[in-house]
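All of these numbers come straight from a predicted model, not from anything done at the bench. Note that these values count all heavy atoms, side chains included, but never hydrogens, waters or copies made by symmetry.
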Amino acid sequence: MASPTRLPTDPPFLRAVSLRRDWVASFDAFPYSIPAIKNLHTLDLHRNVTFFVGENGTGKSTLLEAIAVAEGFNPEGGSRHAMFRTQDTHNEDLPRKLELHRNKIPRGDSYYLRAESFYNLSSYLGEIGGGGYGPKLLHEQSHGEAFLSLLIERLSGNGLYLMDEPEAALSPQRQLTFLAALHDLVRHGGQFIIATHSPILMAYPGALILQFSQAGIAPVAYEETEHYKVTKAFLTRTQRMLQELLSPDP
């Protein structure tokens, strides 16, 4: 019997994540020394779409990966059935010290997309004859086409989806296609946690945007993100900014 579909107005599959701080031996050691992790107590998540945003090195991918591993996903991405390993680069300690606050809702689907290792996942799926990603093998498509095949052909909704920089292979036009597909999956019960640098993706209406910084993690309005402000400033004052950036004394 198919799992009943969660509605967008229903409680989320994963409502929050906590760090068991009394289990941490030292907050001076990586990854606990990262301010976002060091200051983490309980992080509430949106029932539909939560974005992790911030500069490189602020801990977005580190926390997202830890949540994925704690959820039972392969650290390199895929479904819970993806059993492959090419290189151990993930932190094994942090997932053990996270407490995931789940609601008891049946899931019909779940997936972890890690852009950095998507090529390895595609190779693994090609070797085992993994289907469900459209008529072409992932390696027979461009990087961007393969990403969209995953989103449109493989994911079915009514599940928890973790995505690390899904915009990495997508043109601006394809990011708009991504937004439309994301919305369709949300309407069919999908809950998303997405680490991104894309001001296009994080514009999704009603999403919770969590800013990772030296001060920790805090909600931020879309127009107050550095991604929005820098992109808008560059597009509206292109020549002036180029002159400033490329002058002998910038």
For this session: Take H188 and N158 through the side-chain contact (heavy atoms from CB on, under 4.5 Å) test and state the conclusion after the steps.
Result: CA-CA 6 Å; H188 287 85; N158 198 39; over 6 Å; no
For this session: Return yes if a side-chain donor-acceptor contact under 3.5 Å exists between D164 and Y112, otherwise no.
Result: no
Exercise. Got a sec: does the CZ of R240 have more than 12 other heavy atoms crowding it under 6.0 Å?
Worked result: no
Problem set entry | Side chain to side chain, E224 and K229, heavy atoms closer than 4.5 Å | yes
Seminar exercise, completed: Output for pair (I152 CD1, T177 OG1), nearest 0.5 Å, gives 7.0 Å
Problem set entry | Beyond-backbone contact of D44 with R15, side-chain heavy atoms, under 4.5 angstrom | no
Exercise. Are side-chain heavy atoms of M163 and F192 found at a separation under 4.5 Å?
Worked result: yes
For this session: Output, in order, the C-alpha distance, side-chain angles, deciding distance and verdict of side-chain contact (heavy atoms from CB on, under 4.5 Å) for I105 and R107.
Result: CA-CA 6 Å; I105 305 172; R107 301 181 191 178; 5.9 Å; no
For this session: Could you tell me whether E223 atom CD has more than 12 heavy atoms of other residues or ligands within 6.0 Å of it?
Result: yes
For this session: Determine yes or no for a side-chain-to-main-chain donor-acceptor pair under 3.5 angstrom, with R21 supplying the side chain and K38 the backbone.
Result: yes
Problem set entry | Rounded distance (nearest 0.5 Å) linking atom CE of M241 with atom OG1 of T236 | 8.5 Å
Exercise. With a 4.5 Å heavy-atom cut-off, do Y204 and N48 have their side chains touching?
Worked result: no
Problem set entry | Interatomic distance, I217 atom CD1 to T58 atom OG1 [nearest 0.5 angstrom] | 9.0 Å
Seminar exercise, completed: Heavy-atom nearest pair, Q175 first then I200, reads OE1-CB, 3.6 Å
Exercise. With side chains defined as the heavy atoms from C-beta onward, is the minimum distance between D10 and N103 less than 4.5 Å?
Worked result: no
Exercise. At their closest point, which heavy atom of S18 faces which heavy atom of T42, and how far apart are they?
Worked result: OG-OG1, 2.7 Å
Exercise. Picking from I34, I37, V24, I67, what satisfies side-chain contact (heavy atoms from CB on, under 4.5 Å) with L94?
Worked result: I37
Exercise. T50 and side-chain contact (heavy atoms from CB on, under 4.5 Å): which partner among L14, L208, L64?
Worked result: L208
For this session: Fit a plane to each ring of Y32 and F27, take the angle between them on a 0 to 90° scale, and name the class: parallel (under 30°), tilted (30 to 60°) or perpendicular (over 60°).
Result: perpendicular
Exercise. Quick one: does R6's side chain have a donor or acceptor within less than 3.5 Å of a partner on P11's backbone?
Worked result: yes
For this session: Rounded to the nearest 0.5 Å, what's the gap from CD on Q243 to OG1 on T238? Could you check?
Result: 11.0 Å
For this session: Determine whether P219 and L210 make a side-chain contact, defined as any pair of heavy atoms from C-beta on separated by less than 4.5 Å.
Result: yes
For this session: Kindly compute the distance separating CZ (F52) from OG1 (T62), expressed to the nearest 0.5 Å.
Result: 11.0 Å
Problem set entry | Test item: P199 and Y222 side chains (from C-beta on) under 4.5 Å apart, heavy atoms | yes
Exercise. Just how far is it from atom CG of L179 to atom CZ of R174, taken to the nearest 0.5 Å?
Worked result: 14.0 Å
Problem set entry | L201 versus F51, closest heavy-atom pair with distance | O-CZ, 3.1 Å
For this session: Might you point out which heavy atoms bring H46 and P12 nearest each other, and give the distance in Å?
Result: O-CB, 4.2 Å
For this session: Determine whether more than 12 heavy atoms belonging to other residues, nucleotides or ligands lie under 6.0 Å from atom CD of E55.
Result: no
For this session: State, to 0.1 Å, how close G190 and Y161 come at their nearest heavy-atom pair, and which atoms those are.
Result: CA-CE1, 4.1 Å
For this session: Report yes or no: do F30 and L98 belong to one cluster of Ile/Leu/Val/Met/Phe/Trp/Tyr joined by side chain heavy-atom distances under 4.5 Å?
Result: yes
Exercise. Where is the tightest heavy-atom contact between Q191 and R47, given as atom of each residue plus distance?
Worked result: CG-O, 3.5 Å
Exercise. Should L176 and F178 be counted in the same cluster of Ile, Leu, Val, Met, Phe, Trp and Tyr side chains packed under 4.5 Å apart?
Worked result: yes
Exercise. Of the options N56, V53, T225, which is the one that meets H197 in a side-chain contact (heavy atoms from CB on, under 4.5 Å)?
Worked result: N56
Exercise. Considering only heavy atoms from C-beta outward, does the side chain of I209 approach that of Y228 to under 4.5 Å?
Worked result: no
For this session: Look at K60 together with E165 and state whether they make a salt bridge at an N to O cut-off of under 4.0 Å.
Result: no
